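Read through the structure below, which is laid out as structure tokens, and then see the notes.
Only this structure's heavy atoms are used, side chains among them; waters, hydrogens and symmetry mates stay out. These figures come from a predicted structure and were not determined experimentally.
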Amino acid sequence: ILQTGGPYYNIPLGRRDSQNFATRNVTLANLPPPTFNTSQLIKLFTSKNFTNTDLVALSGGHTIGRAQCASFTNRLYPTQDSTLNQFFANNLKLTCPASNTTNTTNLDLRTPNIFDNKYYVDLMNRQGLLTSDQDLYTDSRTRSIVTSFAVNQTLFFEKLIDGMIKMGQLGVLTGSQGEIRANCSSTNANNIGSFSVVRGDQEEGKLAQF
């Protein structure tokens, strides 16, 4: 985040590692897909004690990175999403001429390689790439938060830090639970390369957005 222009923040130390790896199904069940609307996002985030402000701030991570066509072609074919800016939609169709295209494009139209608040400016101009992006501005419950971040980058950074720290404190292991791994990608009991990699949908571009 810092190297691409975003804020620096201290990460709380002391979190232990699990003695197991999450299964693919558990991982995907805890990550919202790019097709989620705001109601679905709020339900998921509320279940983890995140506020609507946390939701919008953490979504701002899409100010950098890329997405495969499969993550958003539902907004282009067979019928175009009415919330899409027409010029933006036309360009997306050039990148993704069919729903099964494997091309990629930037999540943030304006400054794709800089961690800033332009993602929210995209949303205000109906140029959010994913359903889960643009609907944050369409929905009245989160629209004002999007606007506040679009006009105040400092506020966005402050709320992003709050959300990132809260996310890092989900499901903390205490007491005799967990371990401190000697190798981050392997449990101590099986330190021979048992990697925690989610495969399958990852290659198809259908992994969840967070």
Side-chain angles (χ1 to χ4, degrees), residues 1-11 31-36 38 41 45 50 53-76 81 83-99 101-138 142-143 145-168 184 197-198 201-210:
I1 292 177
L2 183 64
Q3 290 179 337
T4 53
Y8 171 85
Y9 62 97
N10 292 312
I11 300 174
L31 295 175
T35 55
F36 262 22
T38 301
L41 290 172
F45 274 66
F50 286 107
T53 298
D54 294 327
L55 163 60
V56 178
L58 289 170
S59 297
H62 287 180
T63 186
I64 196 166
R66 298 178 68 83
Q68 289 191 336
C69 292
S71 297
F72 59 85
T73 47
N74 63 299
R75 303 184 68 203
L76 300 174
D81 187 337
T83 64
L84 266 175
N85 173 283
Q86 187 59 57
F87 180 77
F88 182 51
N90 290 342
N91 285 335
L92 290 179
K93 288 177 181 179
L94 293 176
T95 302
C96 308
S99 59
T101 310
T102 59
N103 295 335
T104 65
T105 191
N106 295 316
L107 285 163
D108 177 2
L109 175 67
R110 285 170 167 73
T111 53
N113 299 314
I114 301 175
F115 201 103
D116 57 18
N117 67 334
K118 295 301 186 291
Y119 160 82
Y120 301 105
V121 177
D122 293 340
L123 303 190
M124 293 182 68
N125 285 277
R126 298 191 298 122
Q127 295 167 329
L129 185 63
L130 310 178
T131 298
S132 56
D133 293 324
Q134 190 58 55
D135 204 53
L136 294 175
Y137 187 67
T138 303
T142 48
R143 182 177 184 132
I145 306 172
V146 170
T147 302
S148 67
F149 291 165
V151 300
N152 189 337
Q153 180 168 280
T154 299
L155 178 63
F156 162 47
F157 283 177
E158 289 175 354
K159 299 304 181 183
L160 173 73
I161 291 171
D162 290 344
M164 291 294 286
I165 291 175
K166 287 175 69 173
M167 183 176 288
C184 291
V197 176
V198 178
D201 283 348
Q202 188 174 31
E203 286 78 8
E204 299 176 14
K206 297 179 181 178
L207 252 183
Q209 57 173 318
F210 289 102

Inset, instruction - Check the pair M167, F50 against side chain to side chain contact (heavy atoms under 4.5 Å, CB included), reporting the backbone distance first and the verdict last. - result: CA-CA 9 Å; M167 183 176 288; F50 286 107; 4.0 Å; yes
So do the side chains of [X] and [Y] get within less than 4.5 Å of each other, counting heavy atoms only?
X	Y	value
L123	Q134	yes
Y8	N10	yes
D108	H62	no
Y137	T83	no
F149	L155	yes
T105	L92	yes
D133	F72	no

Inset, instruction - For a side chain to side chain contact (heavy atoms under 4.5 Å, CB included) with T4, tell me which candidate from I64, T63, I114 qualifies. - result: I64
Legend entry - Criterion side chain to side chain contact (heavy atoms under 4.5 Å, CB included) against C69, the qualifying member of L76, N103, T102: N103
How far apart are the closest heavy atoms of [X] and [Y], and which atoms are they?
X	Y	answer
L107	A67	CD2-CB, 3.7 Å
A70	T73	CA-OG1, 3.9 Å
I145	S148	O-OG, 2.7 Å
P112	N106	CB-CG, 3.4 Å
L84	A89	CD1-CB, 4.1 Å
A57	F156	O-CE1, 3.4 Å

Legend entry - Chi angles and distances behind the side chain to side chain contact (heavy atoms under 4.5 Å, CB included) call for V56, Y120: CA-CA 9 Å; V56 178; Y120 301 105; 3.6 Å; yes
Inset, instruction - Return each pair, listed once, that meets salt bridge (charged side-chain N to carboxylate O under 4.0 Å, His left out) where at least one residue sits in residues 116-125; pairs must be two or more places apart or across chains. - result: R110-D122
Legend entry - Residue pairs passing the side chain to side chain donor-acceptor pair (under 3.5 Å) test where at least one lies in residues 89-99, sequence neighbours excluded: Q80-K93, Q86-N90
Inset, instruction - Mark yes when over 12 heavy atoms from residues, nucleotides or ligands other than I11 sit less than 6.0 Å from its CD1; otherwise mark no. - result: no
Spatial distance of atom [atom1] ([X]) from atom [atom2] ([Y]) [nearest 0.5 Å]:
X	Y	atom1	atom2	result
L160	T53	CG	OG1	12.5 Å
L129	R75	CG	CZ	7.5 Å
L2	Y9	CG	OH	10.5 Å
N74	T35	CG	OG1	6.5 Å
R66	N113	CZ	CG	9.0 Å

Legend entry - Full working for side chain to side chain contact (heavy atoms under 4.5 Å, CB included) between L41 and T142: CA-CA 11 Å; L41 290 172; T142 48; over 6 Å; no
Legend entry - Derivation and outcome, side chain to side chain contact (heavy atoms under 4.5 Å, CB included), residues F88 and N125: CA-CA 10 Å; F88 182 51; N125 285 277; over 6 Å; no
Inset, instruction - For the pair F115 and F157, name the ring-plane relationship: parallel under 30°, tilted 30 to 60°, perpendicular over 60°. - result: tilted
Inset, instruction - Using modelled atom types only, decide if a donor and an acceptor are shared between the side chain of T38 and the backbone of D135 within a distance under 3.5 Å. - result: yes
